Amino acid sequence: IGFVVLASCGSSKKFQASYAEDKPLFAAINELNKRPGNEKARNDLRVLYSKSSERHLEAIEVYKSSDDDKKWDKILNELNALQHIYNSLQATPGSFSIVKPASYLRDIETVKKEAAEDFYVRAQNRLAENNREASLQAWQYFKRSISYVSGYRDADKMLKEAYEKSIVNVVITPIEEDNVFFSGSGNWNYPDFRYRPQEYQDALVRDLGGRSANYIPARFYNDRELRRERLEADWEIGIHWRNINPIRSIPRQYNRQVSRNVENGKDSSGKPVYITVYATLYVTENRYTVEGEVEYRITDIASRKNIDNG
């Protein structure tokens with residue numbers, strides 16, 4: 001009796017369609033999960049499974065003949081949708097007696113290998129051109145190859161080689177600004193606001209990764225580092241502050257106790273004698289919010305060609 005009740009109630013698990021076009025099919029699957037004996041859902045499954053399978057398989061054939069860089073992702077999306085249908089039916093009692101779904105796990109692995117090989121060959125061809133732009137494209141292709149099959153052939157090694165050949169040395173030039181209040185002249189009545197453009201320049205270099213940047217093939221320097229190390233930059237980034245407006249908050253005042261051990265003479269054996277002294281520090285803290293517009297320009301130094309600006 002317990003078995004009959006379980007079969008008639010079905011499962012409460014609900015499956016979601018990967019594609020909107022598959023929603024009617026999954027409505028039938030979910031209905032059979034709740035009520036395995038529902039005749040309408042059984043008939044719907046026979047018709048809709050065939051239609052969904054044909055639609056995905058036809059799309060795969062179209063993508064295979066495409067030259068689109070994204071064709072492998074599109075093929076895998078279709079295959080994963082088919083595999084999701086198979087998995088959902090596998091978890092639905094009695095569904096395999098209605099339709100005979102196919103598993104596409106092997107097809108998915110095969111396509112991943114084909115995609116990895118495709119991008120590996122593209123990368124090798126671009127790398128053979130032996131220039132920075134082609135090496136950068138090769139680096140991106142090797143990354144794509146590895147994304148499909150981890151450790152594919154010697155792609156990890158070639159990825160590093162392409163990266164080194166595509167590296168751009170970028171110099172962050174001294175930051176310029178239109179306002180004069182930063183100098184401490186008191187024009188804006190903020191003599192305690194100390195602005196050092198060099199600090200912002202150095203911070204920008206650090207934030208971009210400096211010479212250790214590894215998320216893009218570029219190394220970043222300030223102008224002083226280039227001169228010191230006798231390096232030549234390929235690109236330069238110019239930064240210009242405009243319409244700077246500092247806003248100071250209400251000063252915060254507080255005090256705190258501090259202590260230090262200080263030498264207070266020597267004992268009879270000549271060893272230093274220390275005592276603890278205490279003091280109260282009275283602190284006034286000012287905080288500033290600075291609003292302004294930042295303009296930047298990235299330039300190829302050799303050709304003086306503008307690469308980007310904003």
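Since this is a predicted model, take the numbers as computed values, not measurements.
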Give a yes or no on whether the backbone of [Y] and the side-chain of [X] come within a donor-acceptor separation of less than 3.5 Å.
X    : Y    : answer
D267 : K271 : yes
N264 : Y274 : no
R144 : D69  : yes
S66  : D68  : yes
S65  : V62  : yes
N33  : T92  : no

Find the distance between [atom1] ([X]) and [atom2] ([Y]) and round it off to the nearest 0.5 Å.
X    : Y    : atom1 : atom2 : answer
E117 : K113 : CD    : NZ    : 12.0 Å
I172 : I237 : CD1   : CD1   : 3.5 Å
E161 : S135 : CD    : OG    : 8.5 Å

- Query: Should side-chain heavy atoms under 4.5 Å link Ile, Leu, Val, Met, Phe, Trp and Tyr, which residues sit in the same cluster as I275?
  - Reply: V262, V277
Residues [X] and [Y]: side-chain donor-acceptor under 3.5 angstrom:
X    : Y    : result
Q201 : N222 : no
Q257 : T280 : yes
R46  : N43  : yes
H56  : D22  : yes
E78  : Y19  : yes
E21  : S52  : no

- Query: Going through the checks in order, is the salt bridge (Lys or Arg N to Asp or Glu O under 4.0 Å) test met by E164 and K160?
  - Reply: CA-CA 6 Å; E164 289 298 323; K160 294 177 182 177; over 6 Å; no
- Item | Aromatic centroids of F26 and F15 separated by under 6.0 Å | no
- Item | Y148/Y120 aromatic ring centres below 6.0 Å | no
- Note on the structure: Per side-chain contact (heavy atoms from CB on, under 4.5 Å), K112 is matched among I75, L76, L79 by L76
- Note on the structure: Partner of Y49 under side-chain contact (heavy atoms from CB on, under 4.5 Å), picked from L89, I29, D44, I98, is L89
- Partner residues of D308 under the side-chain hydrogen bond (donor to acceptor under 3.5 Å, both in side chains) criterion, sequence neighbours left out: Y296
- Message: Could you tell me if K143 sits above the aromatic ring of W139, with its cationic atom closer than 6.0 Å to the ring centre and no more than 45 degrees from the axis?
- Response: yes
- Query: What do the steps show when you test R304 against E236 for salt bridge (Lys or Arg N to Asp or Glu O under 4.0 Å), and what is the final call?
  - Reply: CA-CA 10 Å; R304 302 313 301 172; E236 69 176 16; 3.1 Å; yes
- Minimum heavy-atom separation for A213 to L208, with atom names? CB-O, 3.5 Å
- Could you tell me which non-hydrogen atom of A28 sits nearest to which non-hydrogen atom of L45, and how far apart they are? CB-N, 4.2 Å
